[in-house]
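Here's the structure, in structure tokens; my notes come after.
Throughout, protein chains are lettered first and strands after them, A, B, ... in sequence-line order, and every chain is numbered starting at 1.
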Amino acid sequence: MSQSKFILITGRTTKQGTTIHVGKESPEFVEETSTVEMNEADMKRKNLQDGDLILVKSEYGRAILKCKKSDIPEGLIFLAYGLPVSSLIGTDTQSIGMPDSKGLEVEIEKYGENK
Amino acid sequence: MEKISDVTCLFCGVTCDDLEVFVEGDTIKEVKNACILGKATFMNHKADVAIPRIKGKETSIEACIEASAEILSQSHFPLIYGLASTECNAQRKAIELADLIGASIDTTSSVCHSPSLQAIQTVGDSTCTLGEIKNRADLLVFWGCNPAEAHPRHFTRYSVTPKGYFVPRGKKDRQVILVDVRKTPSAKAADQFIQIRPGSDYEVLTAMRALLKGEELEVEEVGGVPISTLKSLLEKLKTCKFGSIHWGMGLTMSRGKHMNVMALLLLARDLNRFTKVVASPMRGHGNVVGIATVLTWQTGYPFAVNLSRGFPQYNPGEFSSVDLLARREADAALIIAADAFANFPRAAAEHLSRIPTIAIDAKESMTTKIATVVIPTAQAGISAPGLAYRMDHIPIPVKKVVDSPYPSDQEVLKRIIEKVRSKLQNRV
């Protein structure tokens with residue numbers, strides 16, 4: 001896999017689960033569901049700092065998101081369920097109803113620096 | 001301040017029924033015994049409450065019900081979707097409405113544990129209640145799930161720490177193993193964390209079945225896990241007194257999906273040649289098990305049911321919402337107690353904004369933002385009582401703790417049904 005390609009893992013987080021009740025347009029919920037967790041070595045390779053903006057592209061869509069360091073394994077990124085996740089996944093369910101919501105291959109580019 | 005005891009939380013599938021809620025008038029002041037997610041559910045009950053409106057213009061509930069009945073009675077292929085964050089009486093009404101208008105009815109399971117449902121339909125399951133797990137399980141395996149963040153009290157009420165009849169020392173009498181692609185916060189509760197490569201669950205589980213049958217594998221690792229680690233895990237599973245395997249959306253949403261779950265269920269079945277092993281899905285959101293249960297006893301099927309021909313037809317891929325919307329087949333949608341627009345892949349969700357969409361929800365959501373008609377309701381479990389099913393299919397009564405200015409989901413659906421019935425009769 002090239003250095004710009006990553007596997008996207010989506011899921012719940014405690015903050016996503018609590019701020020969802022404040023409102024889906026609340027700054028807290030939007031922040032949590034628009035921040036990608038990345039491995040420190042991957043961030044270094046991509047010249048990224050905590051809070052930098054990245055463009056995440058899949059075969060089905062794209063999203064501009066923030067990145068932050070976490071202990072996720074190299075080559076993987078994590079994003080909490082929310083609108084950005086839905087913009088990256090496709091509609092093919094292999095005829096069982098469930099889209100490929102985890103394990104999707106995505107590309108990452110630096111989009112802007114933390115201000 | 002009034003104290004209400006034994007309150008049930010409808011947020012996740014653990015369906016805790018021991019909450020103490022303190023209310024003053026129509027406001028919740030304090031919640032005890034709830035996890036962080038449950039507390040947020042109750043304490044924010046007045047945040048972002050939906051407003052009744054048609055095409056963005058605020059109006060009365062009655063006008064919204066009339067407009068909804070008109071849309072649904074005119075539709076040739078309506079979709080009814082959602083129903084996780086409500087209680088069973090409302091779910092029954094939604095099915096009655098689907099039958100009346102010949103709709104496809106689908107639930108949030110569709111994009112959650114529907115692969116688990118399909119796997120269970122194919123190979124069956126070896127299962128039990130959470131009470132049995134609490135009292136008997138001395139080995140717990142959590143595979144592709146993160147209870148610490150998705151089902152916080154599962155560990156403390158039923159699986160990891162509680163003292164049980166045959167495990168009197170609680171955590172000291174149990175071993176906990178977490179299998180996942182990343183070290184989630186749940187790993188803190190585990191004695192062992194096994195990291196597997198994303199998308200390799202089927203291979204790993206199938207390799208374990210082969211090893212269990214005495215086959216030797218001519219590889220050093222499967223899915224990034226050394227064969228010696230898999231053998232050691234199998235030995236623990238074979239020699240425990242009562243093993244309980246729990247899986248989450250790490251299996252259902254990853255490559256293989258229902259095949260991953262089938263492999264896990266078959267491994268659990270095979271292990272029963274050696275000892276007692278059960279396997280159960282970490283279900284949620286809310287009362288999603290309730291809608292699967294109610295839909296199954298009413299139509300025979302747990303999700304993706306079409307009633308257009310006057311009898312239930314079940315076909316995931318054909319009648320499941322994402323597929324049906326991606327093919328732009330539905331010409332109207334009724335979304336109840338769920339946020340389809342936020343949770344579906346964008347290309348499927350966008351069809352909801354092309355067709356007349358009705359959103360019945362206590363709270364504003366991405367779906368209410370694009371809906372033609374928005375009908376706010378009393379939130380089930382907070383302002384509407386009823387029944388919910390826990391993740392292990394145990395029915396639990398749901399209380400009302402504060403009043404809402406709005407009717408319940410059940411009441412709104414009942415009134416829509418009456419109006420639709422009258423419109424259909426007048427048309428004949």
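- Stacking of B:Arg182 on the aromatic ring of A:Phe78 is recorded, both the 6.0 Å distance cut-off and the 45° axial limit being met.
- For the set A:Gly82, A:Gly23, A:Gly103, A:Ser87, the entry with the most heavy-atom pairs within less than 4.5 Å of chain B is A:Ser87.
- Enclosure of atom OH in B:Tyr202 is not indicated, since only 12 or fewer non-hydrogen atoms of other residues, nucleotides or ligands lie within 6.0 angstrom.
- Contact of B:Cys112 with chain A is made through the backbone alone, with heavy-atom distances under 4.5 Å.
- Counting non-hydrogen atoms of neighbouring residues, nucleotides and ligands closer than 6.0 angstrom, the OH atom of B:Tyr314 exceeds 12 such neighbours.
- Within 6.0 Å of CD on A:Glu25 lie no more than 12 heavy atoms contributed by other residues, nucleotides or ligands.
- Taking every heavy atom of both residues into account, B:Pro198 and A:Ile7 meet most closely at CB-CG2, 4.0 Å.
- Only the side chain of A:Ile9 comes within less than 4.5 Å of a heavy atom in chain B; its backbone stays farther off.
- A pairwise comparison of heavy atoms in A:Thr91 and B:Ala347 identifies CG2-CB, 3.8 Å as the closest pair.
- Of all the listed residues (B:Asn343, B:Asp106, B:Val181), the one sharing the greatest number of non-hydrogen pairs under 4.5 Å with chain A is B:Val181.
- No more than 12 heavy-atom neighbours from other residues, nucleotides or ligands sit within 6.0 angstrom of CD on A:Glu40.
- Between B:His285 and A:Arg12, the closest side-chain pair of non-hydrogen atoms falls below 4.5 Å.
- Counting heavy-atom pairs under 4.5 Å between each of B:Lys257, B:Glu364, B:Arg346 and chain A puts B:Lys257 at the top.
- A:Thr18 places a side-chain heavy atom less than 4.5 Å from the side chain of B:Leu37.
- Atom CD1 of B:Ile36 has 12 or fewer neighbouring heavy atoms from other residues, nucleotides or ligands inside a 6.0 Å radius.
- B:Arg255 and A:Asp100 are not joined by a salt bridge, as no carboxylate oxygen comes within less than 4.0 angstrom of a charged side-chain nitrogen.
- Looking at B:Phe303, the atoms closer than 4.5 Å to chain A (heavy atoms on both sides) all sit in the side chain, from C-beta outward.
- If you measure heavy-atom distances from A:Leu76 to chain B, the contacts under 4.5 Å come from the side chain alone.
- Just one of B:Thr368, B:Thr367, B:Asp339 meets the side chain to side chain contact (heavy atoms under 4.5 Å, CB included) condition when paired with A:Lys24; it is B:Asp339.
- Taking B:Asp48, B:Thr184, B:Asn315, B:Leu325 one by one and counting their heavy-atom pairs under 4.5 Å with chain A, the maximum is reached by B:Asp48.
- In this structure, B:Lys46 places its NZ atom where more than 12 heavy-atom neighbours from other residues, nucleotides or ligands lie under 6.0 Å away.
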Derivation of the side chain to side chain donor-acceptor pair (under 3.5 Å) call for B:Glu149 and A:Thr14: CA-CA 5 Å; B:Glu149 294 196 277; A:Thr14 304; 3.3 Å; yes
Residue pair A:His21, B:Phe11: steps toward the ring-ring contact (aromatic ring centres under 6.0 Å, His included) verdict: CA-CA 10 Å; A:His21 300 289; B:Phe11 183 70; 4.9 Å; yes
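- Side-chain contact check for B:Ser110 versus A:Met98: every heavy-atom pair is 4.5 Å or farther apart.
- Looking only at heavy-atom pairs under 4.5 Å with chain A, the residue among B:Ser320, B:Ala326, B:Ala342 that has the most is B:Ala342.
- Of the atoms belonging to B:Ser321, not a single heavy atom falls under 4.5 Å from chain A.
- Residues A:Ser95 and B:Asp323 fail the side-chain proximity criterion, which asks for heavy atoms closer than 4.5 Å.
- Residue with the most contacts toward chain A among B:Lys183, B:Met249, B:Arg327, B:Lys39: B:Met249 (heavy-atom pairs, distance under 4.5 Å).
- For A:Glu28, the CD atom sits in a packed shell: over 12 heavy atoms of surrounding residues, nucleotides or ligands are nearer than 6.0 Å.
- Options B:His45, B:Glu318, B:Lys369 differ in how many heavy-atom pairs under 4.5 Å they form with chain A, and the most are formed by B:Lys369.
- Two residues are said to be in side-chain contact when any heavy atoms from C-beta on lie closer than 4.5 Å; B:Val111 and A:Pro99 meet this criterion.
- Annotation for B:Pro115 and A:Ile96: closest pair CG-CD1, 4.0 Å, computed over non-hydrogen atoms.
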